[in-house]
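Scroll down for the structure; my scribbles are underneath it.
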Number of protein chains: 2
Amino acid sequence: MATRTDAPTRREQILKEAALLFAERGFHGVGVDEIGAAVGISGPGLYRHFAGKDAMLAELLVGISGRLLTGGKRRVAESDGGDPEVLLDSLIEGHIDFALDDRPLITLHDRELDRLRDSDRKLVRQLQRQYVELWVEILREVYPSLAEPAARSAVHSVFGLLNSTPHLGRPGSLPGRGATAELLHRMARGAFAAAAA
Amino acid sequence: MATRTDAPTRREQILKEAALLFAERGFHGVGVDEIGAAVGISGPGLYRHFAGKDAMLAELLVGISGRLLTGGKRRVAESDGGDPEVLLDSLIEGHIDFALDDRPLITLHDRELDRLRDSDRKLVRQLQRQYVELWVEILREVYPSLAEPAARSAVHSVFGLLNSTPHLGRPGSLPGRGATAELLHRMARGAFAAAAA
DNA sequence: CAGGGAGGTTAGCGGTCGTTAACCTGAAGG
DNA sequence: CCTTCAGGTTAACGACCGCTAACCTCCCTG
């Protein structure tokens with residue numbers, strides 16, 4: 001079982017480069033020729049791997065929201081019955097890892113959703129909603145005083161806070177990854193606590 | 001002196017509709033014909049008011065960052081020498097008002113900046129930076145323990161939190177504007193306090 | 001009442017872009 | 001050794017889009 005040290009497949013290469021380009025210049029701002037050039041093939045060669053430009057964006061966005069949700073569910077399952085406070089910290093930590101390690105995907109995530117076909121957009125929205133509801137549930141266990149609509153707003157706002165990483169200056173101007181992660185974590189907890197006050 | 005109850009000028013109409021369309025479908029996703037149609041004229045009629053599509057976006061983005069900065073400076077000036085805590089609350093309140101009342105502009109603000117000509121983008125970035133520095137300064141008066149890089153990160157993150165309003169479900173699903181504003185305000189303060197801890 | 005400018009109109013040009021068609025090539029497999 | 005097929009190539013089409021040109025029509029003003 002080659003547990004994932006394999007060379008990345010062509011599809012994966014393409015998706016990675018497309019994500020970077022889309023994040024930089026927007027979906028409509030990038031041509032298929034540029035995406036091809038980024039992986040060393042040119043233009044229409046991409047159509048051997050994807051049905052079209054839209055399909056790449058769809059796979060990226062579905063992948064992102066899917067991975068977020070799966071990771072969240074896994075953490076919930078692992079903590080089963082444990083301290084909700086610890087679980088909330090675990091969720092926050094997972095989201096921060098994602099926000100710090102996959103910044104272009106974070107950017108795409110809430111920027112290009114409207115460029116999707118109706119069916120894909122509905123799928124992504126549904127995954128996002130499930131992820132939010134997961135957080136809402138845990139949050140209300142930690143802060144039972146928090147009404148559900150307020151909890152949902154609070155979760156969206158904290159996502160806004162955590163997803164601010166692309167605005168935090170390119171890696172290097174930051175105080176280091178660990179310190180940044182810790183700062184974001186503290187702020188998220190502080191924001192939640194204040195929301196429940 | 002007609003203090004601003006005047007009918008909106010054509011330019012203003014166009015800018016308003018263009019902002020809505022750009023926020024909905026992205027700069028490249030909107031044609032000039034659609035912008036024209038939105039104000040009752042069609043296509044190239046826009047060129048009587050703007051040098052081009054780019055010019056509309058530029059005016060919108062410069063206007064946004066300019067208004068944010070001006071509003072912030074005004075609040076600082078008004079509080080001159082007063083309690084920094086009160087001033088910080090005032091800045092937060094001002095930003096929330098903007099985020100709640102001009103949601104499409106908030107969306108544009110951090111989504112389409114890269115579509116600008118170099119000179120315009122530099123101008124907008126400079127205005128944004130000044131606005132951030134304004135917050136950083138006040139924040140460090142309130143929390144002297146906070147180092148400058150951390151303060152800057154904290155400010156960007158809180159902007160992410162406050163600018164999450166477009167994700168908060170369309171007006172109506174919200175607990176009411178006042179309650180939302182209050183919630184956001186508490187969370188921002190909580191996040192800052194936690195950052196300084 | 002001339003005339004001129006502000007603010008429209010439609011037609012159309014030139015460029016870009018996503019996608020398809022037709023063709024090529026090298027390596028694997030019977 | 002021949003075949004097949006995955007994965008490329010270039011050429012080109014058709015649609016769209018930003019913008020200009022040329023023209024029209026009020027309305028204001030001297």
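What you are looking at is a predicted structure, and each value in this text was computed from that prediction instead of being measured. Chain identifiers are assigned alphabetically (A, B, ...) following the order of the sequence lines, protein sequences preceding nucleic acid strands; residue numbering begins at 1 within each chain.
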message = Under a 3.5 Å distance rule, please check whether Ser157(B) uses its side chain to pair with a backbone N or O of Ser153(B) as donor and acceptor.
response = yes
ask   = Using a cut-off of 4.0 Å on non-hydrogen atoms, how would the nucleic acid contact of Gly31(B) be classed: base, sugar-phosphate, or nothing?
value = sugar-phosphate
query = Touch check for Val39(B), heavy atoms < 4.0 angstrom, all strands: base, sugar-phosphate only, or nothing?
reply = nothing
Whichever of Ala51(A) and Gly29(A) has its nearest DNA chain C nucleotide further upstream toward 5' = Gly29(A)
query = Between dG5(C) and Arg48(B), is there an OP1 or OP2 to side-chain N/O distance shorter than 4.0 Å?
reply = no
query = OP1 or OP2 of dC17(C) sitting under 4.0 Å from any side-chain N/O of His28(A)?
reply = no
key: His49(A) NE2 - dA6(D) P separation (whole Å)   = 11 Å
Mutual orientation of the aromatic rings belonging to Phe159(B) and Tyr131(B) [parallel < 30°, tilted 30-60°, perpendicular > 60°] = parallel
query = Separation of Tyr47(B) atom OH from dC13(C) atom C1', in whole Å?
reply = 14 Å
ask   = Mapping Gly52(A) and Ile41(B) onto DNA chain C by nearest heavy atom, which one lands closer to the 5' end?
value = Ile41(B)
key: Cation-pi check, Arg67(B) onto Phe98(B) ring (under 6.0 Å, within 45° of axis)   = no
ask   = Can you tell if the side chain of Leu15(A) reaches within under 4.5 Å of the side chain of Phe50(A), non-hydrogen atoms only?
value = yes
